[in-house]
Amino acid sequence: MPDRYDIFIVGGGINGCGIARDAAGRGYSVCLCEMNDLASGTSSLSTKLVHGGLRYLEYFEFHLVREALIEREKLWSIAPHVIWPLRFVLPHHRGLRPAWLLRLGLFIYDHMGGRKLLPATRTLDLTRDLVGQPLKPGCRRGFEYSDCWVDDARLVVLNARDASARGADIRTRTRVVSVRAEGQAWRIDLEDTGTGKREQVRARLVVNAAGPWVDAVLKDVFARNRPANVRLVQGSHIVVKRLYDHDRCYIFQNADKRIIFAIPYEADYTLIGTTDRDYAADPGAAAISDEEIDYLIASANEYFRAPLARDDIVWSYSGVRPLFDDGATAAQQATRDYVVKTEADAAAPPLINIFGGKITTYRRLAETVMRRVEDHFGRRTPAWTASAPLPGGDFAATGAAELRARLRAGHPYLPDDLAARLVRHYGTESLELLGDAASLQDLGRHFGHGLYAREVAWLMAREWAADAEDVAWRRTKLGLKLSAEEMTELAAWMQARRPQGAAAAAK
Ligand code: FAD
C-alpha cells in the first residue's frame, strides 16, 4: 500500500464511497478512512428513497428535483438488486393542498426528468381501489406516482467494494485525527479505533465527506476556526408490523405542511417517517424523542383506519441530515441540495468540503467533485459511473424475478424468502456466495432467520463487516428479527474468526 495518495477521503458514507469509486475508476490512487463501520452515519438512517422529492418543488428547488429525477433510472439500472421502483399513493386531504395543485406538481414531476421505464402518475378513486381499503373513509380521492426504493447501507458498501476492486484503499474503524499541510501535500494522522495504533499517510488532495461531522472535522482535524456551514436536522422513523397487504407506499400530508411516508419494509414491516427538527449535539448520538414518536403516530392515525399505538413500534432510528446552511428559517425549508467548496491557495494543497446532499444524487455529487479534482491535477477523464454496474448489479433492471428463478434452479433447497433476500442483497453475486453448496447444512451454522455462516464469512471477507451490528443492521436488516441470544452467538462466532476475516478483507 502506498503511503502517498492522489486523493484522501474522510468519511465512508454514500458520498465518500461514491467519490472513492469514481476516482479509483479514473486511475487515481485513493485512500478512504471511516472511523466506524461503512454507512454507520447518516447513510444507513435515511428514508431509503431514490426520489426527486415531490415536496421540494414547493420550495422551487427545480435544479435539485430535476437532477434527482434523472438519477432514479440511472441508479436503478446499475444496482437493480438494491434499488427498485415503488408506487406512491398520495391521498387528497380536504383542507390541505388543493387537488389541482397536487395534479400540477405530479405533472411537473412526471415530465421534468428522464422517466423512461417508471410508470406515470394516475388518479385513484380510493373508495374502490384496493389501496383505499386501509385508509379512513374520508380519503376518497388520490394520486399514484413513481419513485424508487434503495437499501441505503448496501448501496454504500457496493460503492466501497467497487472502489476497492479498482485499487482504492478502504479502511474502516480508522479515525482521521489530524490533517496538516506539508509543502504541497497533506500529512494525515490516522488512528485504528480498535487498537489505538497510529499511522501517517500523505496525499495531494483531501476530500472532507464527513456528512454531519463536516464542520467538526474542519474544526478538530484541520484545526480551523470558522462558523458552522451545515445545519444539522434530525429525522426519525418508526418501524411497525406490516400495516397492509399491498406493495405500495403512502405519502401523507400533515396540517403543518410536512409530509410523512408509510413504506412496505423488509417484507414483514411498515416504515413510517420522517420528522424534521433542528439538532445540536453529536450526530452519532441522535435518538428518537417521545415528541417525535407521538408526531409520527398521530400522522399515521390521521389516515389509517386501524389505530397505531406506541406498543406497535418494533424498532426506531434517527439520522442527522447535514444540510447546507442557507439561512432558511424552518428545518424542512433548508435546501436539500449539495454544495461542494474547494479551498485552495498557493500556500496549501487543495481541500474539497462537501455540505449536504442526498443518497439519490451521490453519483452526480461525485462527478462534480471529480471535475474539481481534475482541475487541480490538470487532467480530463471521461465520466463513467452512470452505466457501470455495481457489484452484483449486472442484470436487467426488471430481471430480479428471473435471477431468483436461476438461483432456485441451482439451489432448490433454498426457501423462497431466503432466495429473495439473497438476490436483493447480492444480486448476481448470490450465485458466487452460495458456491457449491447443495443443502442448507452446507451453508454452515445457522444463526437464525436464514442467516448462515457462509453469508457472514462473505460479509467479513468482502464487505468489511467486523461485528454483529454491522451484519444485523447495515449489511442486512436481520437485526429486526434476531433475538438477543442469536446476536450474542453471532458476535462470538465473528469474534473467533476476526483475524481471518480481517486478513481476507484486507487482500
Ligand atoms: P454520512 O453517511 O454521515 O457519512 C459521513 C461519515 O464520515 C460517517 O460514517 C462518519 O462516521 C465519518 N466520519 C466523520 N468524522 C470522521 C473522522 N474524523 N474520521 C473518519 N471518519 C469520519 N436522501 C435520499 O436521497 N433519500 C432519502 O429518502 C433520504 N432520507 C433521509 C432521511 C433522513 C432522516 C436523513 C437524516 C437523511 C435522508 N437523506 C435521504 C439524506 C441522505 O441520507 C444524506 O444526505 C447522506 O446519507 C449523507 O451522506 P454522507 O456520506 O455525506 O454522510
Side-chain angles (χ1 to χ4, degrees), residues 14 18 46-58 61-92 101-126 129-131 142-152 154-155 158 244 246-253 259-265 271 336-337 358-365 385-390 392-404 420 423-424 427:
I14 190 62
S46 78
T47 310
K48 303 169 206 310
L49 302 178
V50 170
H51 64 157
L54 188 56
R55 78 195 165 103
Y56 309 144
L57 289 175
E58 281 186 328
E61 297 230 36
F62 295 115
H63 169 265
L64 168 67
V65 176
R66 186 175 143 70
E67 185 173 69
L69 285 172
I70 292 171
E71 275 306 281
R72 288 182 309 189
E73 293 199 15
K74 286 192 181 150
L75 295 182
W76 176 25
S77 76
I78 62 169
H81 46 335
V82 298
I83 295 173
W84 56 88
L86 274 187
R87 294 288 282 170
F88 287 75
V89 175
L90 168 57
H92 171 241
L101 185 63
L102 299 181
R103 213 178 282 119
L104 175 66
L106 287 165
F107 179 83
I108 296 171
Y109 205 71
D110 261 359
H111 291 91
M112 91 190 281
R115 190 179 54 80
K116 293 188 191 109
L117 292 175
L118 293 170
T121 296
R122 67 185 186 111
T123 305
L124 298 174
D125 176 351
L126 295 174
D129 198 292
L130 167 84
V131 297
F143 303 93
E144 189 185 273
Y145 69 94
S146 294
D147 263 324
C148 289
W149 166 263
V150 57
D151 184 331
D152 51 5
R154 290 210 55 77
L155 185 69
L158 295 181
Y244 51 85
H246 60 79
D247 60 0
R248 279 164 277 174
C249 313
Y250 293 96
I251 168 169
F252 296 141
Q253 310 173 67
I259 48 111
I260 63 153
F261 295 100
I263 307 173
Y265 186 56
L271 173 67
R336 259 62 176 167
D337 214 346
K358 293 166 48 122
I359 302 268
T360 310
T361 47
Y362 86 91
R363 203 194 58 78
R364 294 285 293 148
L365 181 149
T385 54
S387 55
L390 284 160
D394 49 345
F395 62 99
T398 49
E402 199 185 311
L403 182 57
R404 210 161 48 236
V423 167
R424 283 303 180 200

(Q) Is it the case that over 12 heavy atoms from other parts of the model lie below 6.0 angstrom from the CZ atom of R87? (A) yes
Q) Between H51 and L86, is any pair of side-chain heavy atoms under 4.5 Å apart? A) no
Q. Parallel, tilted or perpendicular for Y250 and F252, by the 30°/60° rule?
A. parallel
Q) Which pair of non-hydrogen atoms, one from H81 and one from V423, has the smallest distance, and what is that distance? A) CB-O, 3.3 Å
Q | Flag side-chain contact, heavy atom, 4.5 Å: I259 against L90 | A | no
Q | Plane angle bin for W84 and W149 - parallel if under 30°, tilted between 30 and 60°, otherwise perpendicular | A | tilted
Q. Should R72 and L118 count as side-chain neighbours, where that means a heavy-atom distance under 4.5 Å?
A. yes
(Q) Is it true that Y109 and D147 share a donor-acceptor pair across their side chains at a distance under 3.5 Å? (A) yes
(Q) Which heavy atom of R115 sits nearest to which heavy atom of D110, and what is that distance? (A) NE-O, 3.2 Å
Q: Count the heavy atoms belonging to other residues, nucleotides or ligands that lie under 6.0 Å from CD of E58, then report whether that count exceeds 12.
A: yes
(Q) Are there over 12 heavy-atom neighbours, none belonging to F107, within less than 6.0 Å of that residue's CZ? (A) no
Q.
Can you give me the closest heavy-atom contact between Q253 and H92, atom names plus distance?
A. NE2-CA, 4.5 Å
Q) Which heavy atom of L49 sits nearest a heavy atom of T360, and at what distance? A) O-OG1, 3.3 Å
Q | Backbone of A397 reached by a side-chain donor or acceptor of W76 within 3.5 Å | A | yes
(Q) Looking at R364 and E67, is there a salt bridge between them, counting it only when a charged N and a carboxylate O are closer than 4.0 Å? (A) yes
